[in-house]
Amino acid sequence: METLFTETEIQQAVSKVARTLNADYQDQHVLVIGVATGAIVFLSDLMRQLQMPVHLELVRAKSYRGTAVRPGELNIDLWGLTEDDIRGRQVLLVDDIFDTGRTVEALSKRLLQHGARDVKTVVFLEKPDRRETEMLPDYVGLRIPDRFVVGYGLDYDGRMRNLPYIAAMDEEESS
Ligand code: IMP
Ligand code: MG
């Protein structure tokens, strides 16, 4: 494994995203929706630097890819979040990574269907070379090449989410 970003580099990138969000949203009320499981580490760092009034909710997305590079069928669970919670709200959807973009795109559409006034997306990592969607993430922490990464919430087959740094796995390790 090769370390791509150290803890210090990660915190600098989180702070930069937070500063941009604070400037863009000022004192507007925001509904922050994190995508479990992977986003919770980034989310917990990010939200403590947000200065606008926020509500926090979590939804769950699983793409059943296991260890495969190709994403499988996407399963979204709103985890009890109702249309009443979403309707008319200014939403910030927070995820760990924008890979093909299908997860973030599907969730954004779902939130808009449920009446959100506006949905902006915040991802810690983006792999621009892998994108399969029309949409682009609105806020990005760090852009990375097309490599499989772990740590800071991101897993390999359920493991290594707890690494405080982000590492890229070798081809043979992740295939
Ligand atoms: P999507 O392809 O953008 O829909 O991403 C789906 C999900 O795949 C992400 O939320 C991550 O959980 C996972 N994923 C994508 N790329 C990586 C990676 O490099 N490491 C770990 N998980 C990843
Ligand atoms: Mg995920």
Side-chain angles (χ1 to χ4, degrees), residues 1-61 63 65 69 71 89-105 107-108 111 118-133 135-171 173-174:
M1 296 214 300
E2 178 198 342
T3 300
L4 289 189
F5 304 109
T6 64
E7 284 188 69
T8 308
E9 289 166 331
I10 290 170
Q11 291 314 320
Q12 283 167 350
V14 173
S15 296
K16 197 170 168 200
V17 173
R19 280 198 299 275
T20 309
L21 290 169
N22 287 331
D24 288 359
Y25 285 86
Q26 308 246 339
D27 50 11
Q28 298 176 61
H29 274 259
V30 175
L31 173 59
V32 174
I33 302 181
V35 186
T37 303
I40 65 166
V41 182
F42 171 47
L43 180 64
S44 100
D45 283 343
L46 178 71
M47 72 169 297
R48 285 176 288 170
Q49 296 189 45
L50 296 181
Q51 289 160 358
M52 70 293 263
V54 304
H55 275 74
L56 177 66
E57 296 285 351
L58 292 174
V59 295
R60 180 139 215 221
S63 45
R65 70 172 70 206
V69 171
R89 303 301 300 270
Q90 180 122 292
V91 175
L92 268 183
L93 181 67
V94 178
D95 206 355
D96 51 2
I97 190 165
F98 196 99
D99 181 37
T100 66
R102 294 188 179 283
T103 304
V104 166
E105 182 179 62
L107 271 166
S108 302
L111 295 168
D118 180 55
V119 180
K120 292 280 188 291
T121 59
V122 187
V123 294
F124 189 62
L125 298 177
E126 182 193 10
K127 293 182 194 165
D129 297 340
R130 293 257 308 162
R131 186 165 61 85
E132 294 178 6
T133 57
M135 81 173 290
L136 293 168
D138 296 295
Y139 300 90
V140 176
L142 295 162
R143 292 195 172 79
I144 58 170
D146 180 7
R147 294 182 71 184
F148 193 85
V149 293
V150 292
Y152 199 61
L154 291 143
D155 70 301
Y156 171 63
D157 206 15
R159 293 180 295 123
M160 293 188 279
R161 294 192 197 273
N162 53 314
L163 298 180
Y165 52 89
I166 291 172
M169 295 182 76
D170 297 331
E171 291 294 325
E173 286 174 322
S174 59

(request) Answer whether the closest heavy-atom distance between the side chains of Leu21 and Lys120 falls below 4.5 Å. (result) no
(message) So, using side-chain hydrogen bond (donor to acceptor under 3.5 Å, both in side chains) as the criterion, who are the partners of Glu7 when residues are at least two apart?
(response) none
(message) What verdict does the side chain to side chain contact (heavy atoms under 4.5 Å, CB included) test give for Arg89 and Glu57, after you've listed the backbone C-alpha separation in whole Å, the side-chain angles of each residue and the deciding distance to 0.1 Å?
(response) CA-CA 12 Å; Arg89 303 301 300 270; Glu57 296 285 351; over 6 Å; no
(message) Counting C-beta onward and ignoring hydrogens, is there a side-chain heavy-atom pair between Phe124 and Val41 closer than 4.5 Å?
(response) no
(request) Would you name the heavy atoms of Val150 and Asp155 that are closest together and state the gap between them? (result) CG1-C, 3.9 Å
(message) Taking Arg102's backbone N and O only, do any of them form a donor-acceptor pair with Thr133's side chain (distance below 3.5 Å, no angle check)?
(response) no
(message) For Gln49, is there any backbone N or O sitting under 3.5 Å from a side-chain donor or acceptor partner on Asn22?
(response) yes
(message) Just to verify, what does Thr20 make a side-chain hydrogen bond (donor to acceptor under 3.5 Å, both in side chains) with, not counting sequence neighbours?
(response) none
(request) Determine whether Met1 and Leu163 make a side-chain contact, defined as any pair of heavy atoms from C-beta on separated by less than 4.5 Å. (result) yes
(request) Could you pull out the closest heavy-atom pair between Ala13 and Gly141, with the gap in Å? (result) CB-O, 4.1 Å
(message) Within the 4.5 Å heavy-atom criterion, are Pro137 and Val104 side-chain neighbours or not?
(response) no
(request) State which residues pass ring pair (Phe, Tyr, Trp, His ring centres under 6.0 Å) with Phe98; sequence neighbours excluded, sorted by chain then number. (result) none
(request) Supply the atom-to-atom distance Leu154 CG to Leu125 CG, rounded to the nearest 0.5 angstrom. (result) 6.0 Å
(request) Can you sort out the partners of Glu126 under side-chain hydrogen bond (donor to acceptor under 3.5 Å, both in side chains), two or more places apart, ordered by chain and number? (result) Arg143
(request) Let me see the working for Leu58 and Leu43 under side chain to side chain contact (heavy atoms under 4.5 Å, CB included), right down to the final yes or no. (result) CA-CA 10 Å; Leu58 292 174; Leu43 180 64; 3.7 Å; yes
(message) What I'd like to find out is whether the side chain of Tyr25 reaches to under 4.5 Å of the side chain of Leu92, using heavy atoms alone.
(response) yes
(request) Assess the side chains of Thr37 and Arg60: does a donor N or O sit below 3.5 Å from an acceptor N or O? (result) yes
(request) Using a 4.5 Å cut-off on heavy atoms from C-beta on, say whether the side chain of Met47 contacts that of Val94. (result) no
(message) Suppose we screen for salt bridge (charged side-chain N to carboxylate O under 4.0 Å, His left out). Which residues come up paired with Arg147, at least two apart in sequence or across chains?
(response) Glu2
(message) Main chain of Val123, side chain of Asp95: is a donor-acceptor contact present, judged purely on distance under 3.5 Å?
(response) no
(request) For residues Lys127 and Ile97, determine if any side-chain heavy atom of one lies less than 4.5 Å from a side-chain heavy atom of the other. (result) yes
(request) Report the distance from atom CG of Asp138 to atom OG1 of Thr121, rounding to the nearest 0.5 Å. (result) 4.0 Å
(message) Using every non-hydrogen atom in the two residues, find where Leu93 and Ser108 come nearest and quote the distance to one decimal.
(response) CD2-OG, 3.8 Å
(request) Using atom types as modelled and distance alone, determine if a side-chain donor or acceptor of Glu9 lies under 3.5 Å from a backbone N or O of Thr6. (result) yes
(request) Supply the atom-to-atom distance Asp27 CG to Gln51 CD, rounded to the nearest 0.5 angstrom. (result) 11.0 Å
(request) Could you tell me whether the side chain of Asp96 reaches within less than 4.5 Å of the side chain of Phe42, counting heavy atoms only? (result) no
(request) Under the side-chain hydrogen bond (donor to acceptor under 3.5 Å, both in side chains) rule, collect the residues that match up with Asp24, sequence neighbours excluded. (result) Tyr139
(request) List the steps and the verdict of side chain to side chain contact (heavy atoms under 4.5 Å, CB included) for Ile144 and Ile166. (result) CA-CA 11 Å; Ile144 58 170; Ile166 291 172; over 6 Å; no
